[in-house]
Each structure stands twice: as structure tokens, then as C-alpha cells.
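For reference, the structure is listed below as C-alpha cells.
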Number of protein chains: 2
Amino acid sequence: MKELTKQQTKVLACVEVYLNKTGFPPTRAEICKELGFKSPNAAEMHLRALEKKGYISIQSGSSRGISIVKSQQSFEQTGEQMPVIGLVAAGSPTLAEENIEKRISCDPNMFSDSFDYFLKVKGLSMIEAGIHEDDLVAIKKTTNVKNGDLVVVRLEDEVTLKYFKKTNHSLELIPANKDFSTIEVDLREQEAFVEGKSVGLIRTH
Amino acid sequence: MKELTKQQTKVLACVEVYLNKTGFPPTRAEICKELGFKSPNAAEMHLRALEKKGYISIQSGSSRGISIVKSQQSFEQTGEQMPVIGLVAAGSPTLAEENIEKRISCDPNMFSDSFDYFLKVKGLSMIEAGIHEDDLVAIKKTTNVKNGDLVVVRLEDEVTLKYFKKTNHSLELIPANKDFSTIEVDLREQEAFVEGKSVGLIRTH
DNA sequence: TTATATACTGTAAAAATATACAGTATAAAT
DNA sequence: ATTTATACTGTATATTTTTACAGTATATAA
């Protein structure tokens, strides 16, 4: 498959995003509006190039007659197979193939925010937050978390799902179970890696 | 979801087949050609009806602006728009368009069993089962339930989500909250309709 | 009997859209 | 120095497409 120029890549992505959002392809004018072109011919030329290189096909004479032949970003769209990762005792919850227990077909945007994987909950430390053993918590990989967020944090080689509270040099990881105690970390003494935060949860009955 | 007439079913299938074949939706004229209609208005009217019943959505003013909301060929197709229904005080949780709060893109087979809609939880009666207010419980429409199942039951005009327990002529609907009491129904005196059972749950953090 | 819903035909106009043509500008290759 | 490829603007027009309106026909319900 021939390589695409920067602009051609943009146009192809634009078509795919539009298609995923609306269910039908964009017009030349809509591509222009999206990418800031001022002439429909700009879009036209890029589409012609994309067809020539085999990425799309254009049904001549039909409005919106664009179909994707070879998708660039088959990823991160709806109906993806999202990985489920066990909350392992040691090591980061990596997306390495050997850590993936299974995959669940769902939309990465089904919650308020997008997410990257499901973490399978072990233990009862968050039971009072309605988070049970074997629930799947949808995790968005980010270090941008604020107090009160439900976060995945790694301390040394241990990974845990807790409420986040940071005060000066101290980090508190708060459970939702009165039988468990808060983990307090002095950040001057010990490192803590925020792996991500929860944006949702699913449970199979 | 409202029932479709024979012709509406044909038109919906036609749109889906065309979409699968070409990657973009058909025009009114193309639907006519496919189904043997002689007036574009025939297609137009069927499309309007399909939109009204919630099977497709039409972007007015756009050519080929049809997108599938609920696929008929619901075979193994991931990424459907599953309806969310509020747990209303009165009446059945019907799939009528006016009761659908929104739709969530996900796989109807993401849980152990398939499901038909999400029910938005009101109140705290199931809190000890980790089911919070505003959680979305995935409901499979069925009357085939057994003791211990989490079920949606309608008593008179009231709909409730509780644990199911049936003994002879008596039905118990058991909450998971010590501040609530079990609803006992003598089936010789009062009717109880099992609308469905829960196969899973999702929550947005 | 009179509505009412379904299911169309036929026509036409307005709006959306593809697409051709004539240019401009820039960077890299020959 | 000239060509070639990329990357557009701007305009215009033929065609496609939506969509409104005026009818016809049939079956079912009130």
C-alpha cells in the first residue's frame, strides 16, 4: 500500500471520524469545513489521491459516495474489543498480551470519558462504593487525577484501586470499607505511580 | 420498540443491505429502484415512519443522511445503540420512544447473556447489592426467572427492581437495604408481571 | 357510512453536491 | 532553470437529491 502524505492522512481520518459519528460519509464541503480548506476542490483532489492509492473508493456521480477500503484507524472506534486486565498483585497493569484475561466488545466512549482497558477487581476494599469482587472497572490511562477520583496507583510492585487524596507531600489512598485502612504514602520517601482513573464500571450478574 | 409494518421492514432491510454493500446509505430513488416503487415519496414515507419508530435517524437536508439506530439484522453486530429507560413510577418500562432517555453504544452480548435495554435505577433499595442510584442495569426481557435472580417486576402500575423469591402462591420481592422491607404478594389476590431480569450493570464515574 | 392508516403514483421546485476548469504558491527533483 | 508534485483558492454548472404537494387505492375500525 502506497504511503500517504500528511494531508491525505488527515482527510482519510476526517472521513472515518465523520462516518463513525454520523453513519454516512461526508461531502467535499464538509471535509473542507472540518479541515479548514476554503475550496471543495481541495477535498476533491485529496479524495482522488486516496482512491488512486487504494485507501477509499469513490462512486462517481453519487453524493457522499465514499467508502473506506483500508481503514487507518480501525482502532478506538465503536465496537472495539476492550481488554480486561486482572488486578495482579505485582507489577503494573500492562496491556501486554499475557496480562489480558479476555476482551469485551464495547464502545470505548460508552462512559462519560473514554477509557483504555477494564481492570478486574480483586478483594473487598471498595465494597462500600458498590464495587464488588470481579467487577470490571473501566480505566482511562492518565496521570491527571484530582482528589476524590477513583484511581489505579502502583506502589513499588503493588497495584491498588482506591480513592485519591493528595495533601502536600503526602498521598492518601482511601478504601471504601471500614475493615480496611487508608494507605498513607510520604512522597519524599516512596514513589507512587498513578496508572489511571476509573470512568465507569460494569458487572455481569 | 414499536412494531414495523411489512413494507417498513423491507425498507429498513434495504437500507442496511445497501449500507453493507456500498459503505454509504441509499437515496430515496435508489430504495425505490431496489423495491420496485415508482415514486421517491414512497421511500420517503417509509423512512419517516422508521425514524418515528426509532429504527433510523434522518439528517434533514443531507443527501443519504440516514443512519441505522437499531439494526434488524442484529446478528453478531457489535456496537448497537442500546436504549436507556428510566425506572418510572407508573407503567411498564416500555421501549416506546418517549420513554427512552438516551442510547448507549455497546454490544448486546457484552454480558453473560444478551439484553434488551438498560434500566436506570432510582432509589437506594438495592444499595447493599452494590446497585446505586443512576446505575444502569442491563435487562433481558423474559419471564423465565428463578429464585435469587434480580428481576424487574410490575405490580399494578408500579415497577420495581428486586431479588425474586417465589414459594407456592406467594411472591417475595426482596430489597438489599435493611431500611427497606420485603414486598410480599399473594398471587391469588394480586397479579405480578415479570418484565425481565438483570444480566449486568454499568455505572459512569 | 365515515374516518383513519397504510401504501403508494406523479410532479416539481429548492437545495445539496460533485466536479470541471482556471488559477496561485511552494518545495524538491532534474 | 525547468519540471514535477503537493496543496491549495475561487467560480461555475450540471446533476443529484430531498422534500413538499396533490392525488389514488384499499383495508380496517368506529
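Proteins get letters first, then strands, A, B, ... in listed order; numbering begins at 1 in each. What you are looking at is a predicted structure, and each value in this text was computed from that prediction instead of being measured.
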Distance check: side-chain N/O of [X] vs OP1/OP2 of [N], anything under 4.0 Å?
X       : N      : answer
A/Ser60 : C/dA18 : no
A/Ser39 : D/dT11 : no
B/Ser63 : C/dT17 : yes
B/Ser62 : C/dA16 : no
A/His46 : D/dC8  : yes
A/Arg28 : D/dC8  : no
A/Arg48 : C/dA20 : yes

Item checked: Residues, nucleotides or ligands: over 12 heavy atoms within 6.0 Å of B/Asn144 CG -> no
Without decimals, in angstroms, what is the distance between [X] [atom1] and [N] [atom2]?
X       : N      : atom1 : atom2 : result
A/Lys38 : C/dT24 : NZ    : P     : 18 Å
B/Leu4  : C/dA5  : CG    : P     : 17 Å
B/Glu51 : D/dT18 : CD    : P     : 13 Å
B/Gln8  : C/dT6  : CD    : C1'   : 9 Å
A/Ile56 : C/dA18 : CD1   : P     : 12 Å

Next item on the list: Could you pull out the closest heavy-atom pair between A/Arg203 and B/Ile131, with the gap in Å?
Entry: NH1-CG1, 4.0 Å
Checklist line | Stacked cation flag B/Arg154 on B/Phe193, 6.0 angstrom / 45 deg | finding: yes
Note to self: Nearest to the A/Ala42 side chain among D/dC21, D/dT9, C/dT11, which nucleotide is it?
What the structure shows: D/dT9
Checklist line | Nearest listed nucleotide, side chain of A/Asn41, among D/dG10, C/dA18, D/dA7 | finding: D/dG10
Margin query: Closest-nucleotide mapping onto DNA chain D: is B/Met45 or B/Gly65 further toward the 5' terminus? I mean the 5' end.
Written below: B/Gly65
Next item on the list: On DNA chain C, check which nucleotide each of B/Lys6 and A/Glu30 is closest to and give me the residue with the more 5' one.
Entry: B/Lys6
Notebook entry, point to check: With a 3.5 Å cut-off and no angle check, do the side chains of B/Glu34 and B/Tyr18 form a donor-acceptor pair?
Noted result: no
Checklist line | Polar side chain donor-acceptor pair, A/Ser67 to A/Ser57, under 3.5 angstrom | finding: yes
Margin query: At 4.0 Å (heavy atoms only), tell me whether B/Gln7 reaches a base, stays on the sugar-phosphate, or touches nothing.
Written below: sugar-phosphate
